[in-house]
Amino acid sequence: MIQALRGMKDLLSPQSEKYIYFIENCSKIAKKYGYEYIETPILEETALFKRSVGESSDIVGKEMYQFTDKGGNDVCMRPEGTAGVVRAFIQQKYDRAGVQKKFFYYGPMFRYERPQKGRLREFHQFGVESFNQADIREDATIILMLRDMLDFFGIGYKLELNSLGCSDCMPAYREKLVNFLQNEDNICEDCKRRRETNPIRVLDCKNKSCQDIYKKAPLLIDNLCSTCRDEMSTLKKILDSFDVAYTINPKLVRGLDYYNKTAFEFVSDGIGAQNAIAGGGRYDKLVEYLDGKPTSGIGFAMGIERLMDLIVMPKKHREGYYIGALCDEAQERCFKLSIKMRKTEKVSINYDKKSLKAHLKNADKQNARYCICIGEDELSKDSVWIKDLENKKEKSISYSEFLGK
Ligand code: HAM
């Protein structure tokens with residue numbers, strides 16, 4: 001028997017209903033904040049991710065679904081959404097027009113990771129990207145929007161915040177860190193590799209012995225330039241004024257190379273080791289890296305699978321009609337009635353002849369508000385029998401009167 005690939009899942013009811021509920025309500029909130037929907041291809045040139053997410057990242061280094069297509073192109077299934085949106089932004093020449101643009105998107109992402117609870121190889125994100133809004137109030141707004149979304153679903157969270165500095169303060173800090181790391185021979189192999197490729201990534205190494213060593217490492221937050229420091233302090237003040245609790249995590253560096261300045265992660269208790277439910281930050285150089293004109297950018301993405309178990313669906317009310325035939329001769333009439341009614345109503349139908357009791361049971365299972373049955377009696381009187389399953393009232397009504405209502 002062929003099964004879904006490891007780390008990939010089918011989405012069926014009731015989880016599929018939750019997924020739609022989540023997407024619809026996040027989309028509504030994003031629209032209130034001025035975001036418009038964008039859909040970019042799942043397959044992109046591999047170079048897009050190498051130049052944005054970065055060759056030193058685990059995502060590009062180890063986890064890409066990469067292959068050569070029949071035309072000989074080096075392509076890969078997107079491991080994340082930001083790079084494709086930035087590519088589309090440049091392709092539409094929005095960078096040259098210097099316009100402010102805000103996009104939201106959702107859909108599948110692919111990373112060849114070791115599957116475990118909360119970590120899949122195909123997973124789904126809801127994300128937003130805002131271009132050309134360098135003001136620190138935009139950073140605050142993005143975080144407040146994400147809070148609105150999580151609050152809507154009643155999801156508790158902790159916010160971790162850091163600043164990754166800018167091209168003024170980052171190079172000097174990097175040098176300090178490299179100097180510190182130079183004499184450390186007891187760090188893990190991954191950290192030794194990162195020391196050469198992207199030193200700040202060593203700071204979020206999961207290895208306890210490495211972390212013991214990094215307790216004495218210089219931290220970027222203590223080495224920010226005055227602009228980055230002032231922006232961070234303004235951001236903190238705004239978040240305080242809107243009652244958003246946060247902790248500063250100076251070792252939060254994010255697993256993608258394109259970030260600068262504000263970086264953040266929302267984590268949640270009670271979903272296991274993979275507790276990051278959303279992550280994001282600023283990427284003011286990314287449009288340039290991808291050959292666009294200098295344009296600031298900021299965004300985030302939520303991992304929908306990690307949020308699924310935390311979402312409580314509102315109580316479902318009975319809805320629509322169920323139609324069932326009580327005799328063979330009534331099947332045709334039931335079928336025609338269902339097609340007519342579906343122009344305006346939600347209708348489910350059982351084509352098979354069944355007893356009244358069986359149809360009522362089916363209607364109940366389907367959570368229908370009304371059960372309609374047609375049998376010999378109804379055919380001879382040209383009527384339908386209908387029961388309201390909410391207030392338990394039943395009646396017979398003429399077929400034409402029912403259709404005309
Ligand atoms: P990310 O932190 O790599 O950021 O992913 C965002 C979220 O996707 C994570 O917080 C997590 O909830 C979920 N996620 C990541 N990997 C997996 C996985 N293997 N299985 C299940 N869920 C996963 C980004 O992707 C950036 N593009 C976010 C961003 C947008 N930054 C700026 N704009």
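Ligands are counted one by one from 1 in listed order, and the atoms in each one are counted from 1 as well. Numbering starts at 1 and runs along the sequence shown.
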Backbone, side chain, both or neither: what part of [X] comes under 4.0 angstrom of ligand 1, heavy atoms only?
X    : answer
R254 : side chain
R119 : both
Y283 : side chain
F264 : neither

Under 3.5 Å: donor-acceptor pair, side chain of [X], backbone of [Y]:
X    : Y    : value
N260 : C166 : no
D364 : L360 : no
R306 : I277 : no
R282 : T262 : no
R254 : G281 : no
Q211 : C205 : yes
T46  : V75  : yes

Compute the shortest N/O to N/O distance between [X] and ligand 1 and return yes if it is under 3.5 Å, no if not.
X    : value
G303 : yes
I298 : no
L120 : yes
M302 : no
Y259 : yes
E265 : no

What atoms of ligand 1 come closer than 4.0 angstrom to any heavy atom of [X]?
X    : answer
F300 : 29 (C), 30 (C), 32 (C), 33 (N)
G279 : 10 (O), 28 (C), 29 (C)
T82  : 26 (C), 27 (N), 29 (C), 30 (C), 31 (N), 32 (C), 33 (N)
L256 : 3 (O), 4 (O)
A301 : 6 (C), 7 (C), 28 (C), 29 (C), 30 (C)
G280 : 31 (N)
I277 : 10 (O), 12 (O)

What do you reckon, does [X] put a non-hydrogen atom under 4.0 Å from ligand 1?
X    : result
G118 : yes
G127 : no
E305 : no
F266 : no

Where do K192 and D185 come nearest, in terms of heavy atoms and distance? NZ-O, 3.2 Å
If every non-hydrogen atom of C26 is compared with every non-hydrogen atom of M302, which pair is closest and at what distance?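 Minimum heavy-atom separation between C26 and M302: SG-CE, 3.9 Å.
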Between [X] and [Y], how do the two ring planes meet: parallel, tilted or perpendicular, split at 30° and 60°?
X    : Y    : result
F126 : F104 : parallel
F89  : Y94  : tilted
H359 : Y322 : tilted

In terms of residue, atom name and distance, what is the protein heavy atom nearest to [atom]?
atom                    : answer
atom 9 (C) of ligand 1  : A276 O, 4.0 Å
atom 33 (N) of ligand 1 : E129 OE1, 2.8 Å
atom 26 (C) of ligand 1 : Y258 OH, 3.4 Å
atom 27 (N) of ligand 1 : E80 OE1, 2.6 Å
atom 14 (N) of ligand 1 : F123 CE1, 3.5 Å
atom 5 (O) of ligand 1  : Q125 NE2, 3.1 Å

Applied to residues 288-299, the side chain to side chain donor-acceptor pair (under 3.5 Å) test, sequence neighbours excluded, yields R51-D291
Donor-acceptor pair between E231 and S163 side chains, under 3.5 angstrom: no
So, R87 and E45, do they make that salt bridge, N to O below 4.0 Å?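 Salt bridge between R87 and E45, a charged N being under 4.0 Å from a carboxylate O: no.
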Those residues that, when tested against F110, pass ring pair (Phe, Tyr, Trp, His ring centres under 6.0 Å) (two or more places apart):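 Ring pair (Phe, Tyr, Trp, His ring centres under 6.0 Å) list for F110, sorted by chain: empty.
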Taking atom 19 (N) of ligand 1 as the point of reference, which of H124, E63, E113, R111 owns the nearest heavy atom?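 Comparing heavy atoms across H124, E63, E113, R111, the nearest one to atom 19 (N) of ligand 1 lies in E113.
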